[in-house]
Engineer: 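Before I ask anything, let me first share the structure, which is written out below as structure tokens.
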Amino acid sequence: MLIKIAKPSDLHESDVTPESIYLSRRRFMGGMVGLGAGLALSGNVHANADYSDVPEGSPPAWLKEKISDTQWRAITPSDPEKDRIAPFDDASGYNNFFEFGTDKRDPARHAGSLQTQPWSVVVDGEVNNGGRFALEDVAKPAQFEERIYRLRCVEAWSMVIPWLGVPLAEVIKRAEPTSKAKYVRFETLVDPEQMRGQRSSFSIIDWPYVEGLRLDEAMHPLTLLALGMYGRELPNQNGAPLRLVVPWKYGFKSIKSIVRISLVEEQPLNSWQQIAANEYGFYANVNPEVDHPRWSQATERRLPNTLFNTNTIDTLMFNGYADDVAELYAGMDLRKHY
């Protein structure tokens, strides 16, 4: 089943909280009037998902209620053979989260130390309605949606994952950006006691991990703030309790364990740009025609695979979402703006 995601041209403008967070909470939550018109989704087909083999999570009561009330299921992959949903064990056991180590299995081994309750997010910068907000106040005003997206890593492996969350655009609209806001900058938590990778003397990242989007990319209806996957809350190793999902970009853009969302005038310097600008650009759009300096991007390994079946497939422009997002980059040289 394919449920169409509207293009940007279709958009219209329009559990106790700590006292330090409460003062800005009421205005932030009140900004929801008139939102939700951007997605051309219809029908409650969440029941079609079968997560019977997925281990139960332990979400806080408010998140459990939001997950149970998920109403929209946007299924964007279209090839029934290549785009099968990855097993939960693969999606939760093989990923990059350098805050917990550099090996693909390190996050699953070590992220259990991360305390995700309570959690707050700072929304600041070029906004009229900023502040520090409890995570539930960021998420609860919006209708939870399920999005089954391709995830393409810059390292040329990929999966198909069902995410649960809210459109980033709704959170940004509630923050009331000023006319100076051109980009959105994100930061991951810095806590070396909980995140062993941050206290490693071999780390090449200048913490916090930073990512960014152009404002129109952030406002695009495909861009999701994920709080769950596979019908449950996010496991710690997948970026709990809040991560970004931008399906037409390489996976390193999908920053995990977000604690700050800033609307800014200047283009942010992202962590991997700072480390190796010749290899990792700001845009990070999936592009089979622009190779990484050390390997081709023309194909990918779709996980899970085996020793005898590497499951290699052709990489699609914008990870298969060109019809939805290509107009964002009209007239741009995608070799220069990689």
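These values consider heavy atoms only, across backbone and side chains, with no hydrogens, waters or symmetry-generated copies. Nothing here was measured: the structure is a model prediction, and the numbers come from that model.
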Engineer: Under 4.5 Å between side-chain heavy atoms, hopping through other hydrophobics if needed: is there a path connecting Y283 to V246?
Structural biologist: yes
Engineer: Can you confirm whether D53 is buried at CG, in the sense that more than 12 heavy atoms of other residues, nucleotides or ligands lie under 6.0 Å from that atom?
Structural biologist: no
Engineer: Considering non-hydrogen atoms only, spot the tightest contact between L316 and G320 and give its length.
Structural biologist: CB-N, 3.4 Å
Engineer: Do Y338 and N287 have side chains that get closer than 4.5 Å, going by heavy atoms?
Structural biologist: no
Engineer: More than 12 heavy atoms of other residues, nucleotides or ligands under 6.0 Å from CD of Q267: is that the case?
Structural biologist: yes
Engineer: Please step through side-chain contact (heavy atoms from CB on, under 4.5 Å) for the pair L215 and L263, ending with a clear verdict.
Structural biologist: CA-CA 8 Å; L215 184 58; L263 280 291; 3.8 Å; yes
Engineer: Can you tell me how far apart OG (S257) and CD (Q194) are? Round to the nearest 0.5 Å.
Structural biologist: 9.5 Å
Engineer: Report yes or no: do I85 and Y94 belong to one cluster of Ile/Leu/Val/Met/Phe/Trp/Tyr joined by side chain heavy-atom distances under 4.5 Å?
Structural biologist: yes
Engineer: Given K104 and N96, is the side-chain hydrogen bond (donor to acceptor under 3.5 Å, both in side chains) satisfied, shown in steps?
Structural biologist: CA-CA 6 Å; K104 296 291 185 294; N96 290 319; 3.2 Å; yes
Engineer: Run the salt-bridge test on K256 and E211 with the 4.0 Å N-O cut-off and return the result as yes or no.
Structural biologist: no
Engineer: Please answer whether the main-chain N or O of T299 pairs with a side-chain N or O of D314 as donor and acceptor at a distance below 3.5 Å.
Structural biologist: no
Engineer: K249 and Y329: which non-hydrogen atoms are nearest, and at how many Å?
Structural biologist: NZ-OH, 3.4 Å
Engineer: Hey, is the main chain of L189 close enough, under 3.5 Å, to the side chain of Q198 for a donor-acceptor pair?
Structural biologist: yes
Engineer: With distance as the sole test, does K140 use its side chain to make a donor-acceptor pair with the main-chain N or O of W62 at under 3.5 Å?
Structural biologist: no
Engineer: For the backbone of P247 and the side chain of N319, can you confirm whether one donor and one acceptor N or O come within less than 3.5 Å of each other?
Structural biologist: yes
Engineer: Indicate the atoms forming the closest heavy-atom contact of P192 with R199, along with that distance.
Structural biologist: O-NH1, 2.6 Å
Engineer: Distance from R214 atom CZ to M219 atom CE, nearest 0.5 Å?
Structural biologist: 13.5 Å
Engineer: Between L234 and R243, is the side-chain contact (heavy atoms from CB on, under 4.5 Å) condition met? List the steps.
Structural biologist: CA-CA 9 Å; L234 287 171; R243 67 169 285 166; 3.8 Å; yes
Engineer: Begin with the C-alpha distance, continue with both residues' side-chain angles, and end with the deciding distance and a verdict on ring pair (Phe, Tyr, Trp, His ring centres under 6.0 Å) for Y230 and W163.
Structural biologist: CA-CA 7 Å; Y230 292 83; W163 304 101; 8.1 Å; no
Engineer: Give a yes or no on whether L303 and F252 share a hydrophobic cluster (residues Ile, Leu, Val, Met, Phe, Trp, Tyr; joining criterion: side-chain heavy atoms under 4.5 Å apart).
Structural biologist: yes
Engineer: Can a donor-acceptor pair be found, under 3.5 Å and without considering hydrogens, that links the side chain of T310 to the backbone of L307?
Structural biologist: no
Engineer: Are L227 and L135 close enough that some pair of their side-chain heavy atoms sits under 4.5 Å apart?
Structural biologist: yes
Engineer: As an exercise, state the distance from CG of D90 to CD1 of I161, rounded to the nearest 0.5 Å.
Structural biologist: 9.5 Å
Engineer: So, the side chain of Q237 versus the backbone of S92: is there a donor-acceptor pair under 3.5 Å, distance only?
Structural biologist: yes
Engineer: Indicate yes or no for a side-chain donor-acceptor contact from N236 to the backbone of A111 under 3.5 Å, with no hydrogens or angles considered.
Structural biologist: yes
Engineer: Indicate the atoms forming the closest heavy-atom contact of E279 with P293, along with that distance.
Structural biologist: CG-CG, 3.8 Å
Engineer: For a 4.5 angstrom cut-off between non-hydrogen side-chain atoms, does T188 reach V259?
Structural biologist: no
Engineer: Any sub-3.5 Å donor-acceptor pair from H220's side-chain atoms to D324's backbone N or O?
Structural biologist: yes
Engineer: State the CD-OG distance between E126 and S262, to the nearest 0.5 angstrom.
Structural biologist: 10.5 Å
Engineer: Between F282, F98, Y250, which is the residue that forms a ring-ring contact (aromatic ring centres under 6.0 Å, His included) with W272?
Structural biologist: F98
Engineer: Under the side-chain contact (heavy atoms from CB on, under 4.5 Å) rule, what do V184 and I261 come out as? Steps first, then yes or no, please.
Structural biologist: CA-CA 7 Å; V184 185; I261 301 173; 3.6 Å; yes
Engineer: Report yes if some heavy atom in the side chain of E146 is under 4.5 Å from a heavy atom in the side chain of Q71; otherwise report no.
Structural biologist: no
Engineer: Taking side chain as C-beta onward, heavy atoms only, is I148 less than 4.5 Å from V160?
Structural biologist: yes
Engineer: Does the distance from a Lys or Arg side-chain N to an Asp or Glu carboxylate O, for E176 and R174, drop under 4.0 Å?
Structural biologist: no
Engineer: Report the C-alpha distance between Y209 and F97 in whole Å, list the side-chain angles of each, state the deciding distance to 0.1 Å, and finish with yes or no for ring pair (Phe, Tyr, Trp, His ring centres under 6.0 Å).
Structural biologist: CA-CA 10 Å; Y209 190 90; F97 198 174; 8.5 Å; no
Engineer: Consider side-chain hydrogen bond (donor to acceptor under 3.5 Å, both in side chains). Of R150, E300, K82, which one does S158 pass it with?
Structural biologist: E300
Engineer: Should the pair Y149 and Y321 be assigned to parallel (<30°), tilted (30 to 60°) or perpendicular (>60°) ring geometry?
Structural biologist: perpendicular
Engineer: Run the salt bridge (Lys or Arg N to Asp or Glu O under 4.0 Å) check on R109 and D103 step by step: do they pass?
Structural biologist: CA-CA 10 Å; R109 293 188 187 108; D103 186 84; 3.6 Å; yes
Engineer: I'd like to know if D83 and R302 make a salt bridge, using a cut-off of under 4.0 Å between side-chain N and carboxylate O.
Structural biologist: yes
Engineer: For residues L269 and Q274, determine if any side-chain heavy atom of one lies less than 4.5 Å from a side-chain heavy atom of the other.
Structural biologist: yes
Engineer: Report the C-alpha distance between Y280 and H292 in whole Å, list the side-chain angles of each, state the deciding distance to 0.1 Å, and finish with yes or no for ring pair (Phe, Tyr, Trp, His ring centres under 6.0 Å).
Structural biologist: CA-CA 8 Å; Y280 306 102; H292 187 280; 5.3 Å; yes
Engineer: Please give me the minimum heavy-atom distance between P59 and K64, naming the atom from each residue.
Structural biologist: CG-CB, 3.8 Å
Engineer: Roughly how far apart are K173 NZ and N129 CG, rounded to 0.5 Å?
Structural biologist: 15.0 Å
Engineer: Do S58 and E233 come within less than 4.5 Å of each other through their side chains, counting heavy atoms only?
Structural biologist: yes
Engineer: Verify the neighbour count for atom CZ of R301: are there more than 12 heavy atoms of other residues, nucleotides or ligands below 6.0 Å?
Structural biologist: yes
Engineer: Is the backbone of I258 close enough, under 3.5 Å, to the side chain of W119 for a donor and an acceptor to pair up by distance?
Structural biologist: yes
Engineer: For residues S271 and P208, report the shortest heavy-atom separation together with the two atoms involved.
Structural biologist: OG-O, 3.8 Å
Engineer: Under 4.0 Å between a Lys/Arg side-chain N and an Asp/Glu carboxylate O for K66 and D69?
Structural biologist: no
Engineer: In terms of side-chain geometry, is the basic nitrogen of R232 or E56 positioned less than 4.0 Å from the acidic oxygen of its partner?
Structural biologist: no
Engineer: Do the non-hydrogen side-chain atoms of L164 and E145 ever get within less than 4.5 Å of each other?
Structural biologist: no
Engineer: Transitively linked via ILVMFWY side-chain contacts under 4.5 Å: F186 with V264?
Structural biologist: yes
Engineer: Okay, side chain of T223, backbone of E217: is any donor-acceptor separation there less than 3.5 Å?
Structural biologist: yes
Engineer: Going hydrophobic residue to hydrophobic residue with side-chain gaps under 4.5 angstrom, can you get from W248 over to I313?
Structural biologist: no
Engineer: Is R335 salt-bridged to D333, cutoff N-O under 4.0 Å?
Structural biologist: no
Engineer: Take L213 and K253 through the side-chain contact (heavy atoms from CB on, under 4.5 Å) test and state the conclusion after the steps.
Structural biologist: CA-CA 9 Å; L213 295 172; K253 294 294 285 187; 4.2 Å; yes
